[in-house]
Visitor: 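Before I ask anything, here is the structure I am working with.
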Number of protein chains: 2
Amino acid sequence: MQPFDPPAADRLVPRAKGRPRAFDRGAALEKALGVFWQKGFAPASIAELCAAMGINPPSLYGAFGNKAQLFLEAVDHYERVFWDETWDAMDIEPDVHLAITAFFAEAAAILTTPEAPCGCVVVLGAINVPAEFQSVADALKALREEGRSLFIARLRRGVAERQLPADTNLEAIANTLHTLLQGMSIEASDGASRAQLDQVAECARALMPAPQSR
Amino acid sequence: MQPFDPPAADRLVPRAKGRPRAFDRGAALEKALGVFWQKGFAPASIAELCAAMGINPPSLYGAFGNKAQLFLEAVDHYERVFWDETWDAMDIEPDVHLAITAFFAEAAAILTTPEAPCGCVVVLGAINVPAEFQSVADALKALREEGRSLFIARLRRGVAERQLPADTNLEAIANTLHTLLQGMSIEASDGASRAQLDQVAECARALMPAPQSR
DNA sequence: AAATTATTGTATCGTTCACTACGTAATGTA
DNA sequence: TACATTACGTAGTGAACGATACAATAATTT
């Protein structure tokens, strides 16, 4: 996990005009993430968010805009802290089989982290949102699409580097890996244990074609 | 799909006391299912349900109890109409590999049905429900658990009938198939095409161990 | 015919929702 | 010191939510 990195405006500008903010914006954002993570976007009320963040509604709206923007900023923070390193590692690992294996092992750990063992907020956070917040659902759908693209790119490289057969159906396998990853979030929110998701991660390896014979 | 089978009280009792119901209870239930299916439990408001069902709130509550009971009855109807046959076929097919293959092919079709190509209402319908409706989430979680059990039972039979290696890790593979199935619902609600889910279904076969050599 | 029972449509009920108006407090700037 | 600017806490806003009270209506039962 990466340390929290507040927006530049929070530390670079020595002093702002007007009354200074009385709460830690980054800490409040993390508290909000905790609420969104465990309850999802719609059931997380402004009142509950404010209670967790230790502030009142006007402070929330002043610092984060509105509920949708707060949610998206919390999700962005979540991705950077919990997933960026894992996705990067998949690209750094030279062997595609090891890369995918390691990714799913780490995913099982993230999805069942003691902090919030309830799946991925990108996958589950904006399911069943009211129509007025459709933009939130669209934004998270776009984030999920990025995950699929990363799988495709990594498998394509595996083929290019002769670690996968030339006739590998890239999209099909990438889609399946992506589908499995999203299913793991539902399992986690249903209370699946770390060991249970580890089993699934182990099985994910079977989706990869055997290394190309020389 | 099976034809709609109304509760016995609707057809066996020739006449009930009091003013007779002025609408078709089964047809109204199917309309409600359509709304719940596309929007999920929480975003489907009583007002919208009533509009789709062609009735007023008092009729809804008189016939179905409350929103939670209406939803659970609609889900039960959904399962019977869309999934019972598919699960049964998995048990009827003698070969476990063919059984799993056929199941996932049919699942891809159901999840992208033109009627509501938005995934499985058992998987997605009760995600992110407010705490006051926790019982609804619990009920659907139990239904999902049944799916996992059916996979386990089918694979266990496959081992007993010597179609799978004796050392097959039943639970791990069944969990993974179940996880993949649930991920397919998210893909479908994200707009995945039938062809895309067919690819995933095809890849699911790779999760099964090769038939035991004699 | 009178009584009983259940369903109907209208018009709400109280609660919770996301969000904000407003006056006050705390800073930098002139 | 006066002013501009921003954040604060209190106390609400209108709207939407799930669920109902009520009187009228239509059926069976006595």
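Lettering follows sequence order; numbering is per chain, from 1. In what follows, every heavy atom counts, from backbone to side chain, and hydrogens, waters and symmetry copies are set aside.
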Visitor: Any donor-acceptor pair under 3.5 Å joining the side chain of A:Arg19 to the base of C:dT27?
Guide: no
Visitor: Go nucleotide by nucleotide along DNA chain D from the 5' end; which of A:Gly18 and B:Glu132 gets its closest nucleotide reached first?
Guide: A:Gly18
Visitor: Tell me whether the OP1 or OP2 atom of D:dG9 has a side-chain N or O from A:Asn56 closer than 4.0 Å.
Guide: yes
Visitor: Strictly below 4.0 Å: does A:Arg21 bring a side-chain N or O up to OP1 or OP2 of D:dA7?
Guide: yes
Visitor: Hey, is the side chain of B:Ser59 poking within less than 4.0 Å of OP1 or OP2 on C:dT8, counting only N and O atoms?
Guide: yes
Visitor: With a 6.0 Å cut-off on ring centres, are A:Trp87 and A:Phe82 close enough?
Guide: no
Visitor: A:Phe71 pairs by ring-ring contact (aromatic ring centres under 6.0 Å, His included) with which of A:Phe36, A:Phe133, A:Trp37?
Guide: A:Phe36
Visitor: Counting any heavy atom closer than 4.0 Å, what does A:Ala44 reach on the DNA or RNA strands: base, sugar-phosphate only, or nothing?
Guide: sugar-phosphate
Visitor: Starting at the 5' end of DNA chain C, which residue's closest nucleotide do you reach first, B:Phe23 or B:Pro57?
Guide: B:Phe23
Visitor: Which pair of heavy atoms, one from A:Ala32 and one from A:Leu70, lies closest together, and at what distance?
Guide: CB-CD1, 3.9 Å
Visitor: Would you mind telling me which of D:dA27, D:dA19, C:dT8 lies closest to the side-chain atoms of B:Pro20?
Guide: D:dA27
Visitor: Quick one: is B:Lys17 getting a side-chain N or O under 4.0 Å of the C:dT4 phosphate, OP1 or OP2?
Guide: no
